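Throughout, protein chains are lettered first and strands after them, A, B, ... in sequence-line order, and every chain is numbered starting at 1. For clarity, every value in this text was computed on a predicted model and none was experimentally measured.
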Amino acid sequence: MGSNMAEQHPVGFQWVIEAKERGATVMHVDPRFTRTSAMADLHAPLRPGTDIVFLGAVINHIMSGRREFTEYVRHYTNARVIIKESFRDTDELDGYFSGFEQEDGLYRVDSWGYAGTSGELTAGKREQTGDVSGDQAHGAHGMKLEHGEPPEEDWTLQHPRCVFQILRRHYARYTPEMVEEVCGVPRERFLQIAETLCRNSGPERTGAICYAVGWTQHTVGVQMIRAASIIQLLLGNVGRPGGGVLALRGHANIQGSTDIPTLYDILPGYIPMPHPTSRDDLARFVELNGPDTGAWGSLDAYVTSLLKAWWGEAATADNQFAYSYLPRIDGDHSHYPMMLRMLDGRTRGFVVIGQNPAVGSANSGLMRRALANLEWLVVRDMSEIETAAFWHDSPEIEAGETRPEEIATEVFFLPAAAHTEKDGTFTNTQRLLQWHHKAVEPPGDCRSDLWFAYQLGQRIRARLAGSPLQRDRPLLDLTWDYPLQGPKQEPDADAVMQEINGRHADGRFVSRYQELRADGSTSCGSWIHAGIYADGVNQTARKKPGREQNWIAPEWGWAWPGNRHILYNRASADPQGRPWSERKRYVWWDADEGSWQSLGDVPDFEPTTPPDYTPPDGATGTSAIRGDAPFILHPDGLGWLYAPQGLVDGPLPTHYEPEESPVPNRLYAVRASPTRQRFERPGNPYNPADAQPGADVFPFVLGTYRLTEHHTAGGMSRTVPYLAELQPELFCEVSPQLAALRGLEHGGWATIATTRAAIEARVMVTERVKPLRVQGRTLHTVGLPYHWGRKGLVKGDAANELLGLALDRNVHISEYKVATCDIRPGRRPRGPALAALLSDYRRRAGVGR
Amino acid sequence: MSERLRTHAWPGTYDGEAKPRMGFFTDTSICIGCKACEVACKEWNRVPESPQGFTGDSYDNTVDLGANSWRHVAFVEQRKPLGIDAAERSLAEAANLDQLVAETGLQTYQEGDGLRWLMASDVCKHCTEAACLEVCPTGALFRTEFGTVVVQEDVCNGCGYCVPACPFGVLDQREGDGRVWKCTLCYDRLKDDQEPACAQACPTDSIQFGELDDLRERARARVEALAEAGAERAQLYLAGDDDGIGGAGAFFLLLDDPEVYGLPPDPVDATRDLGSTWAAAGVAAAALGAALAAVVLGGRR
Amino acid sequence: MAPRVPLPGFVRQLGTDPLGLGRSARSRRSERLAPRTRTADRVVQSICPYCAVGCGQRVYVKDEKVVQIEGDPDSPISRGRLCPKGAASEAYVNSPLREYQVRYRRPHGTEWESLDLDTAMEMIADRVLRTRAETWEDQNSRGEPLRRTLGIAALGGATLDSEENYLLKKLFTALGAVSIENQARI
Amino acid sequence: MSATTGATRPPQRSYHGNPVIKEPIWKPEIPWYFFTGGLGGGSAALAYLAELGGHEQLARRAWPIALGGIGVSPLLLISDLGVPHRFLNMLRMFKVTSPMSVGSWLLVAGGATTTVAATNALTGRLAGPARLAKPAAALVGLPISTYTAALIAQTAVPAWHGARRELPAIFAAGAAASAGAAATIATPVRHAAPARRVALAGAAAELLSVQAMEQWLGAVGEPYHVEQAGTYARAARALTVGGALLIGAAGARSRVAAAVGGGMVLAGAVCERWSVFKAGLQSARDPKYVVGPQRERVDGGRGHGASRRALDGRVAEGAR
């Protein structure tokens with residue numbers, strides 16, 4: 001669901017085919033009938049953006065029929081925990097949870113916590129700039145729990161304010177009939193899927209849910225994934241072989257670039273970026289962002305080791321280990337606010353490395369105008385992508401709206417080395433780091449980005465040598481000398497990985513994150529990667545052939561943390577540590593050995609903590625986690641059916657309509673997610689939705705997606721002859737009914753328009769896209785792959801031109817997957833006529849420029 | 001080397017050097033239409049680009065096999081009546097039955113929601129009786145020690161005879177080059193005991209490479225299983241050894257009749273009628289001679 | 001160039017290949033054919049640069065040039081298999097549109113100009129420091145530390161190695177440039 | 001672009017309307033070669049017989065025509081090759097299963113013998129070898145005139161393979177008509193009687209054999225009547241009949257009439273070859289000609305068992 005695995009992860013899909021051959025049932029829920037649906041036993045077309053109604057109804061199906069895996073739920077989830085009096089659910093407040101502050105458009109989360117606890121940090125204080133990243137501790141960090149146990153629990157799961165009952169009441173209205181009416185999925189089809197999921201769970205059987213950006217790219221994206229996690233927790237599928245919620249990530253190292261993040265809000269290992277409020281007090285930072293119990297209980301050791309790795313000798317106990325060297329964030333500096341700052345002239349320099357916002361980001365026209373407003377831009381890529389060429393080749397230039405001479409941006413294009421021209425690791429979608437060996441030297445001026453970062457750092461440090469300024473200390477004290485190799489003097493990736501792995505004071509490599517200390521005696525670039533260089537061996541470069549290992553293949557590459565392949569795998573054993581069943585044996589307690597054993601994976605638990613262990617008072621860190629609590633990263637060690645903390649838009653997934661939707665919210669008075677991020681400004685108009693005046697100007701649902709033959713915005717496939725010819729032109733997929741309605745001719749041209757832009761595409765009339773009966777109306781969908789742009793062997797308009805910026809405030813990801821649009825036959829106008837068409841659309845929709 | 005795989009020239013002309021006859025079994029029921037085979041083949045054999053533009057033929061922009069496309073994935077979108085079992089029980093009631101999978105006739109294999117999307121990777125058939133091989137005047141086409149059929153690029157002079165001779169339309173002349181090109185079953189890789197590029201790349205093992213005997217075994221078991229699972233039109237194509245081309249080195253499991261995929265339903269190697277053709281030509285030549293003699297010599301001065 | 005066959009084919013047919021369909025037709029070149037995977041100078045194990053499945057790849061090198069990239073049968077994830085993009089990796093690293101030289105565009109310029117790498121790096125370092133100095137924020141209105149610049153932004157990382165992400169995050173954080181992002185958020 | 005309503009259609013019987021087999025890729029040189037080969041071969045036979053029959057004048061003109069026909073043929077074939085400089089590869093093998101291979105050797109033999117014969121006929125030299133070369137050229141000339149029919153018959157093109165029994169007759173008749181007509185043109189009327197008779201006989205045989213083929217082929221033969229093939233066929237018939245009548249009526253008296261009549265018969269022979277050639281292209285292009293008859297065979301139980309359904313149990317039988 002929310003993904004198209006056969007097309008986007010074909011080689012991963014071999015395992016789905018393998019499972020199917022052994023009798024597994026494959027079900028694909030997707031707005032379109034795709035190549036994945038062709039392989040599935042069952043395909044259910046649903047309206048884009050309504051996944052929470054579907055998933056909520058599955059939860060309702062499970063709970064009303066008491067189909068949950070009871071023992072798993074009682075012991076391993078927080079079903080038994082009683083929530084605070086102050087909590088109010090969406091049914092009582094007609095779409096809101098308690099704690100909503102209208103002015104900020106944010107929730108104060110302290111009313112959501114466990115009864116009898118405190119310390120849930122608010123998602124955003126009023127005096128902050130109303131943005132999201134106030135003092136909120138990220139993920140599950142906050143919340144103080146004495147010896148890791150929720151104060152008030154009801155093991156009978158009857159208490160009206162226990163999570164189990166709150167959950168049941170919250171989803172009571174998510175019925176099969178609601179699914180048929182809101183999602184457009186026939187009632188029987190939904191029941192068949194829900195029933196198959198239930199029947200395929202319990203001690204003997206497990207089921208997996210796979211998703212991708214089909215879920216993440218919504219204003220309620222995070223909650224869609226939460227809903228799937230709730231289902232998997234209720235059915236006991238988490239931490240067990242064949243279970244889980246698998247994110248199918250789209251780039252070779254997108255997982256790696258999240259773990260060791262070129263992201264604004266976290267430090268390596270998901271340590272939150274510090275905020276101004278903790279001033280220069282490391283202990284206050286740990287206090288604000290780290291619970292006492294669970295793996296995060298050792299946040300002080302992790303952050304101290306990071307500071308030691310970065311600033312070495314300059315980080316000492318008396319200067320809070322150079323904590324003051326870390327810059328502070330106090331707002332949303334994510335991708336789109338970043339681009340809007342450029343538009344406003346407050347961000348003047350931009351370095352783009354292996355990304356293509358000029359066609360890859362939403363509202364691409366706005367992105368290019370932002371680039372045009374920069375003082376200087378550096379682009380590092382393998383070919384002249386649209387982001388490097390925006391000043392001489394763009395829709396605006398073609399339309400005569402702007403000329404190269406008017407664009408002041410100074411642009412540096414630096415050719416990059418390919419993956420065959422540098423050593424390094426990619427982290428795959430299952431947290432597995434795999435080393436790729438350099439085959440040849442980078443040609444010409446091509447260099448790796450290790451080289452670029454290192455060289456830029458050296459030249460900057462040279463310029464600042466001797467600077468008296470305090471702001472230059474972090475650069476001058478940085479540990480920055482890496483051995484250089486080969487004719488192009490490329491930094492040694494192994495050395496960088498050794499720094500990431502971390503060392504003890506005596507230089508020995510750290511082998512487990514549990515060895516990290518807060519006293520400055522250990523350094524570690526990323527605590528979740530501690531052990532990646534255990535025993536001085538690059539674990540990611542281990543290439544023991546799969547056929548010489550069992551199916552877990554622990555000696556190929558290295559999965560963080562600690563080479564654990566299935567996270568929370570303690571849950572694959574019952575509370576007493578026995579496998580739930582022989583068929584699904586994976587991790588179990590061996591009383592004689594006094595330790596946890598496994599089929600070949602590393603147990604995701606303290607190795608010698610017995611199943612019946614109960615933490616003493618005052619216990620902290622993982623020693624505060626009960627022997628029968630598998631979720632060691634949570635302060636309570638439990639799987640969170642209900643998330644008291646860590647999310648800004650609610651403890652329970654709740655259906656809200658997308659930003660742009662032709663129909664009202666059938667479940668609540670609140671139409672769209674109250675905490676979604678919108679940018680009311682010129683250049684980012686929104687299509688009127690539901691019954692607002694002008695909504696009928698854009699009556700159709702727009703869905704965007706990818707094809708197997710291309711890669712994301714096309715930068716890595718439109719330049720490849722053998723891929724370009726397989727899918728040469730942008731096309732839109734429409735149903736025969738919509739084609740008839742608008743006179744679209746198969747193989748002909750169509751123009752698709754929103755208030756942002758109008759683009760043209762060939763027309764593919766196909767029954768794989770169906771009109772849906774939704775809330776009394778027939779809704780037509782227009783499907784658009786988004787791989788094209790103006791550069792490369794094959795060219796075309798970019799689908800991202802059409803999309804507006806409406807973000808999920810948890811993670812600031814925009815809603816790419818669903819919007820509204822209009823479609824008409826024929827190619828789009830050229831030159832000034834294009835702008836005229838757009839202003840006509842805006843006028844009719846009653847929307848400004 | 002079982003009898004049934006024998007061809008005119010293999011293994012006979014190779015004596016000791018003959019290897020087991022290798023081939024492809026393409027099980028289109030698990031083809032996900034990803035075209036990895038097309039790309040892997042073109043990359044390994046350095047086949048030139050062959051852009052055809054947007055065709056509108058579902059997701060197929062390669063159109064057919066030819067000099068610059070030695071693998072071609074076909075896409076067929078079909079509307080089929082939803083196969084709910086006769087008692088027309090609504091799925092909801094059926095959903096509550098115990099053996100859900102068995103009872104509700106859960107559609108199996110590519111039969112979602114009344115819609116079916118067939119995908120199949122087409123390739124040269126490496127026929128047992130290969131018309132292209134037999135008509136080739138220069139011996140550019142030859143039967144290899146692996147029992148496969150290969151065009152030798154250092155011999156072919158582009159006479160083009162094999163192009164209309166192939167009952168499947170596989171071979172074609174390459175523009176600007178003049179020679180004819182087709183799948184070689186990675187003859188160079190076989191020489192080094194390596195798997196052909198397409199078979200190795202195929203993510204779901206829809207393209208299976210191996211000894212033809214084993215592949216035929218596997219295919220029979222597979223098509224039986226599929227039939228029991230409800231794919232009633234599942235059929236093996238060119239998997240026997242007594243069809244019009246004596247069985248193929250690359251055979252298929254299809255989910256519908258061959259012509260739906262653009263394949264001939266009853267291909268026959270023209271050489272089977274070589275006798276009658278030569279006879280007709282001989283008789284006509286003789287008749288021509290006789291007639292001329294009669295007319296020239298017989299007439300009054 | 002007629003093939004230099006020791007004996008004409010039709011003579012070699014007289015043996016066991018009267019119809020001339022088999023060995024007698026095989027040319028010397030075909031007889032000695034060898035795949036470039038065997039004639040390569042070396043092969044290294046790598047990982048596909050496209051999606052996050054992490055398929056294993058074998059990269060074959062001849063005369064210091066990548067001549068073939070195919071699946072790595074040793075990988076327990078992919079078992080030697082690849083998707084169309086992975087299979088096209090050789091055509092990607094050797095793409096006709098690949099750039100090998102630094103290119104520079106002056107403000108308001110209409111053409112790319114060439115620039116040597118070292119000068120480019122010097123110019124970039126200058127601009128980074130200039131913009132950083134111009135937009136440095138030491139404290140917020142409540143006197144709490146910011147010690148950062150929002151004047152410089154960076155984008156990109158999902159296609160880069162983890163080690164590259166690490167050095168970039170480390171450098172930009174030390175610079176105080178907090179506004180860095182990548183495709184994980186797209 | 002398939003003209004149907006969209007990518008999805010009810011289970012259809014062809015793959016997006018695309019052809020199943022490939023059209024022959026031969027260039028115009030090949031139908032012209034069918035003509036020159038026949039002319040060359042036929043004239044060689046005619047010339048030798050003329051000598052036997054004491055028609056010296058006729059033979060002295062027929063031999064150079066034969067040499068012309070046989071001589072220009074290889075040039076046409078080489079020009080049609082994709083890689084012309086590898087023309088010698090035609091003699092790399094001798095393959096009885098390949099009419100083109102056999103034909104290449106015939107052409108070599110015919111070329112050599114006709115050269116010797118014609119040299120002797122014109123200059124008197126090489127009398128010794130000519131004694132053998134002349135009958136040999138005549139003998140070889142006969143199969144040279146008909147092997148080209150066998151060549152196109154040995155393809156998957158329904159209109160050609162289906163007519164494998166009739167095409168050689170058409171080509172033989174065509175050769176006779178061409179040889180006769182050419183000689184009629186080239187020889188003074190009083191010495192050209194045998195040539196005229198051959199031209200008339202050839203023309204008649206050509207018309208009859210084409211008629212017989214179309215009767216026999218039925219639906220598979222449709223391409224011969226339609227589109228370009230049909231146009232050439234009608235032109236061929238008109239030219240052949242007209243030419244023959246002219247020769248018959250006035251050929252004996254008026255050199256001009258003989259020449260015009262002969263030219264028309266020659267043109268008729270050329271058009272007939274072009275008709276056969278174009279019919280082949282049309283037949284390969286349309287899937288209905290390829291798939292139709294095959295599907296009928298299979299449904300009528302006369303198929304060769306290419307497809308085996310699991311359910312109808314024939315898989316077991318097929319796998320003995």
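At distances below 3.5 Å, not a single donor-acceptor pair connects side-chain atoms of C:Q183 with backbone N or O atoms of A:H251. No donor-acceptor distance shorter than 3.5 angstrom exists from the side chain of A:D445 to the backbone of C:L117, with no hydrogens or angles considered. In this structure, the side chain of A:T347 engages the main chain of C:L150 through a donor-acceptor pair within 3.5 Å. A donor-acceptor pair is defined here as one N or O able to donate and one able to accept, closer than 3.5 Å; such a pair exists between the side chain of A:R279 and the backbone of C:G143. Listed for the C:R105 side chain is a donor-acceptor partner under 3.5 Å among the backbone atoms of A:T409. Put simply, the side chain of C:E163 gets close to the backbone of A:T425: a donor and an acceptor are under 3.5 Å apart.
Ring geometry for C:Y50 versus A:H711: interplanar angle over 60°, hence perpendicular rather than tilted (30 to 60°).
With respect to A:R463 and C:D126, a salt bridge is recorded, a charged nitrogen being found less than 4.0 Å from a carboxylate O. The pair A:K791-C:E99 does not meet the salt-bridge criterion, since no charged nitrogen lies less than 4.0 angstrom from a carboxylate oxygen. Using a 4.0 Å cut-off between a side-chain N of Lys or Arg and a carboxylate O of Asp or Glu, A:D280 and C:R147 qualify as a salt bridge. The pair A:R328-C:E144 does not count as a salt bridge, with every side-chain nitrogen at least 4.0 angstrom from each carboxylate oxygen.
For CZ of C:R106, the number of neighbouring non-hydrogen atoms (other residues, nucleotides, ligands) closer than 6.0 Å is 12 at most. More than 12 heavy atoms of other residues, nucleotides or ligands lie within 6.0 Å of CD in C:E113, so this atom counts as buried by the packing criterion.
Using a 4.5 Å cut-off between heavy atoms, A:D423 touches chain C through its backbone atoms (N, CA, C, O) alone. Using a 4.5 Å cut-off between heavy atoms, C:N182 contacts chain A through both its backbone and its side chain. Within the 4.5 angstrom heavy-atom criterion, atoms from both the backbone and the side chain of C:D118 approach chain A. For chain A, the nearby parts of C:L146 are the backbone and the side chain; heavy atoms of each come within less than 4.5 Å. Contacts of C:W112 with chain A are made by both backbone and side-chain atoms, with heavy-atom separations under 4.5 Å. Within the 4.5 angstrom heavy-atom criterion, no atom of C:Y60 approaches chain A. A:Q470 does not touch chain C: none of its heavy atoms, backbone or side chain, sits under 4.5 Å away. In this structure, chain C has a heavy atom under 4.5 Å from the side chain of A:Y722, while its backbone stays farther away. With a threshold of 4.5 angstrom between heavy atoms, C:D138 does not approach chain A through any atom at all. For A:S324, the parts sitting under 4.5 Å from any heavy atom of chain C are the backbone and the side chain alike. With a 4.5 angstrom heavy-atom cutoff, C:V128 touches chain A via backbone and side-chain atoms both. Interface remark: A:R447 contributes side-chain atoms only to the contact with chain C (heavy atom separation under 4.5 Å). With a threshold of 4.5 angstrom between heavy atoms, C:S179 approaches chain A through its backbone and through its side chain. Neither the backbone nor the side chain of C:A40 comes within contact range of chain A, judged by heavy atoms closer than 4.5 Å. When heavy atoms are compared at a cutoff of 4.5 Å, A:W551 does not approach chain C at all.
Pairs engaging residues 16-47 of chain C under the ring pair (Phe, Tyr, Trp, His ring centres under 6.0 Å) rule: none recorded [sequence neighbours left out].
Test A:L267, A:I260, A:T479 against C:K170 for side-chain contact (heavy atoms from CB on, under 4.5 Å) and you get one pass: A:T479.
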message = Please evaluate residues A:Y264 and C:R185 with respect to the criterion side chain to side chain contact (heavy atoms under 4.5 Å, CB included), reporting the C-alpha separation (whole Å), side-chain torsions for both, the decisive distance (0.1 Å), and the verdict.
response = CA-CA 10 Å; A:Y264 86 96; C:R185 196 128 25 218; 3.3 Å; yes
message = I'd like to know whether C:F172 forms a side chain to side chain contact (heavy atoms under 4.5 Å, CB included) with A:T262, so could you lay out the CA-CA distance, the side-chain angles of the two residues, the decisive distance to 0.1 Å, and finally the verdict.
response = CA-CA 9 Å; C:F172 277 91; A:T262 39; over 6 Å; no
request  = Before giving the answer on side-chain hydrogen bond (donor to acceptor under 3.5 Å, both in side chains), spell out for C:T173 and A:W310 the whole-Å C-alpha distance, their side-chain angles and the decisive distance to 0.1 Å.
outcome  = CA-CA 10 Å; C:T173 306; A:W310 281 11; over 6 Å; no
request  = Give the intermediate values and the outcome of side chain to side chain contact (heavy atoms under 4.5 Å, CB included) for residues A:F13 and C:V53.
outcome  = CA-CA 10 Å; A:F13 197 73; C:V53 170; over 6 Å; no
task = Evaluate the side chain to side chain contact (heavy atoms under 4.5 Å, CB included) criterion for residues C:R98 and A:C446: first the C-alpha distance (whole Å), next the side-chain angles of each, then the deciding distance (0.1 Å), finally the verdict.
result = CA-CA 10 Å; C:R98 192 170 167 191; A:C446 300; 3.7 Å; yes
request  = Could you please spell out the steps behind the side-chain hydrogen bond (donor to acceptor under 3.5 Å, both in side chains) verdict for A:Q355 and C:T159?
outcome  = CA-CA 8 Å; A:Q355 191 162 334; C:T159 56; over 6 Å; no
key: Candidate pair C:Q57 and A:H419, rule side-chain hydrogen bond (donor to acceptor under 3.5 Å, both in side chains), full reasoning   = CA-CA 11 Å; C:Q57 281 189 338; A:H419 73 294; 3.1 Å; yes
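Contacts with chain C were tallied for A:V351, A:L263, A:I353; A:L263 has the most, counting heavy-atom pairs under 4.5 Å. Across A:Q455, A:E406, A:Q549, A:Q255, the residue that shares the most heavy-atom pairs under 4.5 angstrom with chain C is A:E406.
For C:E31, there are no salt bridge (charged side-chain N to carboxylate O under 4.0 Å, His left out) partners, not counting sequence neighbours.
Between A:N253 and C:L160 the shortest side-chain heavy-atom distance does not fall below 4.5 Å.
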